[in-house]
Structure formats: C-alpha cells, structure tokens
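What follows is a single structure, written as structure tokens, with notes after it.
Ligands are counted one by one from 1 in listed order, and the atoms in each one are counted from 1 as well.
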Amino acid sequence: MSKIVLIGANHAGIAASNTILDNYPENELVIFDRNTNLSYLGCGTALWVGRQIETPDQLFYTSKDAFVEKKAKVHMETTITKVDFTDKKVYAVDTANNEICESYDKLILATGSVPIKPAIPGIELENVQFVKLFQDGQAADLALNDPAIENVAVIGAGYIGVEMAEAAKRRGKNVRLFDIDTTSLAGYYDPWFTEDMDKNLMDNGIELEFGQKVLELKGTDKVQEVVTDKGSYAADLVLLAIGFNPNTELGKDALKLFSNGAYEVNLKQETSLPDVYAVGDCATIYSNALEATTYIALATNAVRSGIVAGHNVCGTPLESIGVQGSNGIYIFGYNMVSTGLNLKAAKQAGFDVAYTEFEDLQKPAFIKKNNEVKIRIVYDKTTRRILGAQLASKEDISMGIHMFSLAIEEKVTIDKLKLLDIFFLPHFNQPYNYITMAALSAK
Ligand SMILES: Cc1cc2nc3c(=O)[nH]c(=O)nc-3n(C[C@H](O)[C@H](O)[C@H](O)COP(=O)(O)OP(=O)(O)OC[C@H]3O[C@@H](n4cnc5c(N)ncnc54)[C@H](O)[C@@H]3O)c2cc1C
Ligand SMILES: NC(=O)C1=CN([C@@H]2O[C@H](COP(=O)(O)OP(=O)(O)OC[C@H]3O[C@@H](n4cnc5c(N)ncnc54)[C@H](O)[C@@H]3O)[C@@H](O)[C@H]2O)C=CC1
C-alpha cells in the first residue's frame with residue numbers, strides 16, 4: 001500500500017485519481033486543488049457564453065463528493081505552496097490560512113497550465129479578461145450582459161480566441177479578432193484551410209486584424225483601446241487567448257524541464273525524480289508524428305496521461321502510445337479537424353515533406369443535403385510515412401480524422417492508403433471517396 005498525493009484535480013488529475021481509486025482501492029489518495037470547482041469543461045465556455053447552450057450547469061462531470069465517496073481525502077480551495085522532494089512532503093495553505101503538511105510515497109503533479117500573460121502596458125486594466133477557468137467564463141459572460149460594452153477585442157486567433165469571437169458576436173457585440181500571425185488557427189491548419197475559416201469569420205461579421213502585434217491596452221480604469229503596430233481600435237472588453245504556459249512553479253528547481261518549461265516525462269509519466277509523476281498540461285507528451293517529445297495542451301491528452309500515471313503509480317507498468325495532437329473546431333456551422341503535423345510544422349521539424357489534397361462534394365450530386373469537403377494529407381517524401389491530415393466541411397467529417405490519427409500512430413505510408421477499403425453509401429460519401437482520391441493522387 002502507498003500513500004499517494006495528487007496536486008491539481010482537473011482533467012488530468014481526475015483521470016489519475018479515478019484510475020487509482022477504481023483499480024487500486026488499497027492505496028491512500030490525498031487530493032489538493034486550489035480552485036473552488038473541479039472538472040470544468042473549458043470547451044463549453046464559448047458554447048455557454050455564446051448562448052448555444054443555456055447554462056454552464058452541465059459542464060462539470062464530477063465532484064469532490066464523488067471522490068470522497070471512493071475514500072479519497074480531498075482538499076479543495078487549498079494551494080500547495082511548496083514540495084520538499086527530498087523529504088517527500090507537500091505544504092499547503094487553505095482559504096482560512098490553515099497550513100497543511102502531508103507526506104507522500106508517490107506524488108502526481110497535475111497542476112496544468114496558465115494563460116500566457118503578455119508583458120504590455122494596460123494588461124491590468126478592468127475588463128481585460130483571460131479565458132481559462134469557469135470563473136473567467138463567468139466574468140466574460142457578465143461583461144457581455146452589459147449594454148455599455150459594445151466593442152469586444154479578442155487577442156489571439158487560436159482555438160480559444162476564434163471560439164470566443166464567435167461567442168461575443170452571437171451576443172450582438174462588435175468583434176475584432178487580433179493575431180500576430182497572418183491567419184486564424186495558423187498553428188493547426190495550412191492557409192488552404194485557414195482562408196476558409198477567415199472568410200467564415202468575416203461573413204459572420206467579425207473583423208480580422210491579423211499580422212499585427214498588440215503593443216498596449218489603453219484606458220483610465222477600464223480598457224478603452226487596443227493599440228497595435230498598425231493602428232488603434234476601440235475596445236470595451238478585451239479577451240486574451242494567446243496560448244498556455246505549463247504551470248510548473250512547484251517543481252521547476254527540482255525536476256528536469258522541457259524547452260517551454262513543462263515537466264519532462266517518459267512514456268510512464270515519470271519525471272526525472274523517482275516516485276514523482278507529472279500529467280496533463282504541466283507535462284510533456286510523446287508525438288508519433290515528430291517521433292519526439294513535445295508539448296500539446298489538450299484535455300484529451302490530459303485524460304490519457306492521467307490514466308497511464310494512475311496505473312504506473314500503483315505498480316502496473318503501462319506505457320503511453322504517444323499522441324498525434326488531434327483536434328477540431330466548429331465555428332458558425334463550419335467544421336475543421338486536424339491531426340499530426342501541418343505543412344509548416346512538418347517543414348519546421350525538418351521533414352522532406354510533400355502533400356496531396358482533394359476537394360469534392362461529400363456525397364454524390366443526386367443527394368440534396370450535401371456539402372463540399374476538402375482534405376490535405378501531409379507525408380514524408382522519403383519514408384512515405386503519413387505525418388498529418390486536415391479536413392474541413394460544413395458536413396460533420398470529424399470521425400475521419402481518427403483514422404488518420406491511427407495511421408500516423410501506426411506509421412502507415414501514403415501508398416498503403418491508396419487502396420484502403422473505404423465503404424460507400426450515398427447517404428455518407430461517394431464511391432470515389434475523397435480520402436482515396438487524395439491518396440491516389442500522391443506523387
Ligand atoms: C476555453 C478553453 C477551451 C478548451 N477546449 C478544449 C477542447 O475543446 N478540447 C481539448 O482537448 N482541450 C480543450 N482545452 C484545453 C484543456 O482544457 C486543457 O488541456 C486541460 O484543462 C488540461 O487539463 P489539466 O488537468 O492538465 O490542467 P488544468 O485544467 O490546467 O488543471 C490544473 C489544476 O491544477 C490546480 N492547481 C494548479 N496549481 C495548484 C497548486 N499549487 N495547488 C493546488 N492546485 C493547483 C488548478 O486549480 C487546476 O484545477 C480548452 C481550454 C480552455 C481554457
Ligand atoms: N477545440 C480544441 O481542441 C481547443 C483546444 N484548446 C487548447 O487550449 C490551449 C490554449 O488555447 P489558445 O490560448 O487559443 O492557444 P493557441 O495556441 O490555440 O492559439 C494562440 C494564438 O495566439 C497567437 N499569438 C501568440 N502570441 C500573440 C501575441 N503576442 N499577440 C497576438 N497573438 C498572439 C498565436 O499566433 C495563436 O494563433 C491550446 O493548446 C489549444 O489547443 C483551446 C480551445 C479549444
């Protein structure tokens with residue numbers, strides 16, 4: 001029997017805790033989290049704030065009570081301030097200023113990530129809001145209720161920024177979306193895809209201010225203006241979403257870190273110190289596309305890494321099979337999904353890269369409810385290994401990307417995909433399926 005201490009009870013920590021409590025109840029588990037709530041699905045923020053769902057009530061999938069029932073000791077609203085990795089002790093303080101010390105045999109760090117805070121003047125002004133926690137969603141929602149807030153500036157056109165721009169627009173505001181890059185979603189998709197998303201955003205009334213560096217936020221108490229290297233724009237509310245940094249304050253001096261500061265872990269989620277594991281957004285992950293360790297902050301990765309750590313901590317050896325960073329987005333009825341590396345990322349990683357693409361109707365022309373679909377498959381010219389895939393359509397094409405995820409994980413070549421058995425039924429697709437067509441045209 002071991003005494004396990006877990007710091008951080010969100011998606012990664014919850015997955016690790018459930019794995020331990022459900023499979024190895026003989027162990028003692030002590031859980032700490034500094035927040036008031038756990039298991040909030042951030043992906044729901046834009047849906048709720050944009051009123052595509054009525055309330056945030058169903059965005060929580062478990063509770064403190066569920067863990068207490070399984071015999072875990074849970075300290076919510078309790079911040080771990082220090083870990084003594086030599087004496088194997090954690091030190092915490094709760095909201096009543098009580099100090100708590102717990103010893104551990106095994107420690108799981110699941111402290112997640114924090115939004116990147118740009119070092120620009122005006123960042124502390126009122127109505128400048130990050131988008132991470134449930135409380136952040138509440139603050140954004142409250143601000144959008146205020147009729148005096150007319151102009152919303154969203155800084156960062158990555159996944160959160162694009163989703164929040166849609167949400168603010170759905171609430172009837174004037175929305176400007178800023179990014180330092182020249183398109184939206186530049187980290188996920190090639191321009192052949194992002195130009196469609198940019199058009200989609202513009203067609204729905206969002207003004208795009210890309211290729212601009214935000215220099216300053218101006219205002220007296222409240223924010224009034226966004227100043228970039230290209231102009232000044234009125235803003236009553238600024239939503240900031242320029243990425244996450246791993247939250248590794250507690251272990252940064254004791255544990256080996258990756259280039260971005262994440263805890264470096266192996267396939268068993270073990271850090272550089274024995275008996276110390278790290279999971280989710282605070283840790284690295286193995287990319288099968290890159291065939292190297294990397295950093296990808298996603299809830300799906302967090303959950304899987306939590307499961308892997310839970311088993312290893314309790315003595316069952318289990319290795320992660322790595323990830324592809326599969327992701328998707330749905331904005332004003334347009335679906336985009338991607339996995340692995342896009343063209344730019346593959347080139348940056350040093351691959352001798354090629355791609356093949358195809359665009360067609362999803363179903364035969366005689367089917368009335370039908371839409372265009374586009375696909376691009378990125379592969380290595382030398383090994384022919386599939387490195388990435390991107391798909392976009394007004395149709396729900398999301399399930400197709402899972403096959404590419406497996407293909408990358410299993411190192412399938414583009415040539416193998418050419419004659420893959422893909423079924424045909426007019427309700428779903430064409431006899432000459434777009435995946436087959438793209439693969440067949442690979443040089
Ligand atoms: C708006 C939004 C939308 C998103 N949408 C998606 C999506 O659609 N799909 C997807 O895959 N991912 C999505 N993500 C990303 C996903 O939410 C994160 O990857 C995920 O939350 C990581 O989980 P985690 O448990 O590792 O870290 P976190 O969620 O960051 O949780 C870390 C926990 O640790 C606690 N903690 C930190 N430090 C301490 C301390 N010192 N003491 C005690 N407790 C501490 C925190 O309170 C927190 O509960 C989204 C994120 C946001 C913000
Ligand atoms: N659908 C999904 O799977 C979702 C996933 N997430 C994940 O949450 C994490 C955080 O999301 P985001 O904050 O949206 O990060 P992101 O990495 O998706 O996007 C950040 C954007 O900010 C831009 N940027 C960076 N510095 C800037 C600056 N100084 N000024 C202006 N723009 C700047 C980048 O060019 C990029 O487009 C990501 O890992 C993301 O994948 C978040 C929401 C939805």
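- The atoms of ligand 2 that sit less than 4.0 Å from any heavy atom of L298 are 3 (O), 5 (C), 41 (O).
- The residue from E77, K132, R34 that puts a heavy atom closest to atom 36 (N) of ligand 1 is R34.
- The protein atom (non-hydrogen) at minimum distance from atom 31 (O) of ligand 1 is N10 CB, 3.1 Å.
- E249 and Y263 make their closest contact through N-OH, 4.4 Å (heavy atoms, listed as atom of the first residue, atom of the second, distance).
- Considering only non-hydrogen protein atoms, atom 1 (C) of ligand 1 sits nearest to G42 O, 3.3 Å.
- Counting the atoms of ligand 1 from 1 in the order shown, those under 4.0 Å from a heavy atom of I160 are 1 (C), 2 (C), 52 (C), 53 (C).
- Among protein heavy atoms, atom 41 (N) of ligand 1 sits closest to I80 O, 3.1 Å.
- Atoms of ligand 1 lying under 4.0 Å from any heavy atom of G8, numbered from 1 in the order shown and given with element: 33 (C), 34 (O), 35 (C).
- Atom numbering of ligand 1 starts at 1 in the shown order; those under 4.0 Å from a heavy atom of T79 are 41 (N), 42 (N).
- What sits closest to atom 12 (N) of ligand 1 on the protein, heavy atoms only, is A299 N, 3.1 Å.
- For the pair N312 (side chain) and Q269 (backbone), a donor-acceptor distance under 3.5 Å is absent.
- Interface atoms of ligand 1 facing A110, defined by a heavy-atom separation under 4.0 Å, are 32 (C), 33 (C), 34 (O).
- Minimum interatomic distance between I53 and L59 (heavy atoms only, all atoms of both residues): CD1-CD2, 4.0 Å.
- Of the heavy atoms in A46, none comes closer than 4.0 Å to ligand 1.
- At least one heavy atom of T78 sits under 4.0 Å from some atom of ligand 1.
- Residue contact annotation: F244 has a non-hydrogen atom under 4.0 Å from ligand 2.
- When heavy-atom distances to ligand 1 are checked against a 4.0 Å cut-off, F244 comes that close only through its side chain, counted from C-beta outward.
- The protein heavy-atom contact nearest to atom 49 (O) of ligand 1 is D33 OD2, 2.6 Å.
- Residue G280 approaches ligand 1 through these ligand atoms, each under 4.0 Å from one of its heavy atoms: 26 (O).
- At the top of the distance list for atom 6 (C) of ligand 1, counting protein heavy atoms only, stands C43 CB, 3.9 Å.
- Geometrically, ligand 2 and N327 share no nitrogen or oxygen pair separated by less than 3.5 Å.
- At a 3.5 angstrom cut-off on N or O pairs, L298 counts as close to ligand 1.
- In this structure, K213 has no heavy atom closer than 4.0 Å to ligand 2.
- At a 3.5 angstrom cut-off on N or O pairs, Y188 counts as close to ligand 2.
- Remark: ligand 1 atoms within the under-4.0 Å shell around heavy atoms of L250 are 41 (N).
- At a 3.5 angstrom cut-off on N or O pairs, Y159 counts as close to ligand 2.
- Here is the list of ligand 1 atoms found below 4.0 Å of a heavy atom in N247: 37 (C), 38 (N).
- By the 3.5 Å distance cut-off applied to N or O atoms, A297 is counted among the residues near ligand 2.
- Among L215, L240, D179, I242, the residue whose heavy atom lies closest to atom 34 (C) of ligand 2 is D179.
- Taking 4.0 Å as the cut-off, A241 counts as a neighbour of ligand 2 on heavy-atom distance.
- Against a heavy-atom cut-off of under 4.0 Å, G243 is close to the following atoms of ligand 2: 12 (P), 13 (O), 15 (O), 20 (C).
- Residue F67 holds its CZ atom at 5.0 Å from CD1 of I31, rounded to the nearest 0.5 Å.
- Of all the atoms in ligand 1, the ones that sit under 4.0 Å from a non-hydrogen atom of T300 are 11 (O).
- For ligand 2, one of its N or O atoms has an N or O atom of G328 under 3.5 Å away.
- Of the protein's non-hydrogen atoms, G112 CA, 3.1 Å is the one closest to atom 27 (O) of ligand 1.
- Separation of atoms CD (E166) and CD (Q52) is listed at 5.0 Å; rounding is to 0.5 Å.
- For atom 30 (N) of ligand 2, the choice among I180, I160, V154 with the nearest heavy atom turns out to be I180.
- In this structure, the side chain of T78 does not engage the main chain of D94 through any donor-acceptor pair within 3.5 Å.
- For atom 17 (O) of ligand 1, the closest non-hydrogen atom of the protein is H11 CD2, 4.2 Å.
- If you look at A302 next to ligand 1, the close heavy atoms, those under 4.0 Å, all belong to the side chain.
- Because its NZ or CZ atom is not both nearer than 6.0 Å to the ring centre of F130 and within 45° of the ring axis, K117 does not count as a cation-pi partner of that residue.
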